[in-house]
Amino acid sequence: MPHAGSASGLTNTTAQLGQAIGVALSSVVFFDRLGPGGPSAQAEQMPHAFAGSLWYVAGVFMAGFAVLFALPRTVGTTPPAADKATPKQKQKQQHQKQEAEPVPTG
């Protein structure tokens, strides 16, 4: 696994970027619903603003969950057909190759 370190770094970076964007967008919804006003007016609106932002978070979570089913189930290239053969099949293929080789005369 020569690229394991790269894959690990990419995974961590993607997770941190997703978390940062998620917090930023849910904060935008939260503060939009919180509205203007002093601390006492905003304190009364906080449960409403929190509930509103949670619906957006849940919606994005469900959309991401739905996208998981669109991803491919396997990764990488398909190994050559010879590698899929059982040891008995490989032995048979080798025997057929030997029979097909011309016998040297001379």
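What you see is a predicted model, and the numbers here were worked out from it, not measured in a lab. For this chain, numbers begin at 1 and follow the sequence in order.
Atom OG of S26 is separated from atom CH2 of W55 by 15.5 Å, given to the nearest 0.5 angstrom. For the atom pair CG (L34) and OG (S53), the distance works out to 10.0 Å, reported to the nearest 0.5 Å.
Exactly one of T11, N12, L10 qualifies for a side chain to side chain contact (heavy atoms under 4.5 Å, CB included) with T14. That residue is L10.
Under the 4.5 Å side-chain heavy-atom criterion for ILVMFWY residues, no single connected hydrophobic cluster contains both V23 and V29. Linking Ile, Leu, Val, Met, Phe, Trp and Tyr whenever their side-chain heavy atoms come within less than 4.5 Å puts L17 and L25 in one cluster. Linking ILVMFWY residues whenever their side-chain heavy atoms come closer than 4.5 Å, directly or via other members, leaves V57 and V60 in distinct clusters. Note on V28: it does not cluster hydrophobically with F50, by side-chain heavy-atom contacts below 4.5 Å among ILVMFWY residues.
When all heavy atoms of P47 and A43 are compared, the closest pair comes out as CD-O, 3.7 Å.
Ring orientation note: the planes of F65 and F61 are close to parallel, at an angle under 30° on the 30°/60° scale.
Side-chain contact between R33 and Y56 is present, with heavy atoms from C-beta onward closer than 4.5 Å.
With hydrogens and angles disregarded, no donor-acceptor distance shorter than 3.5 Å links the side chain of Q45 to the backbone of G35.
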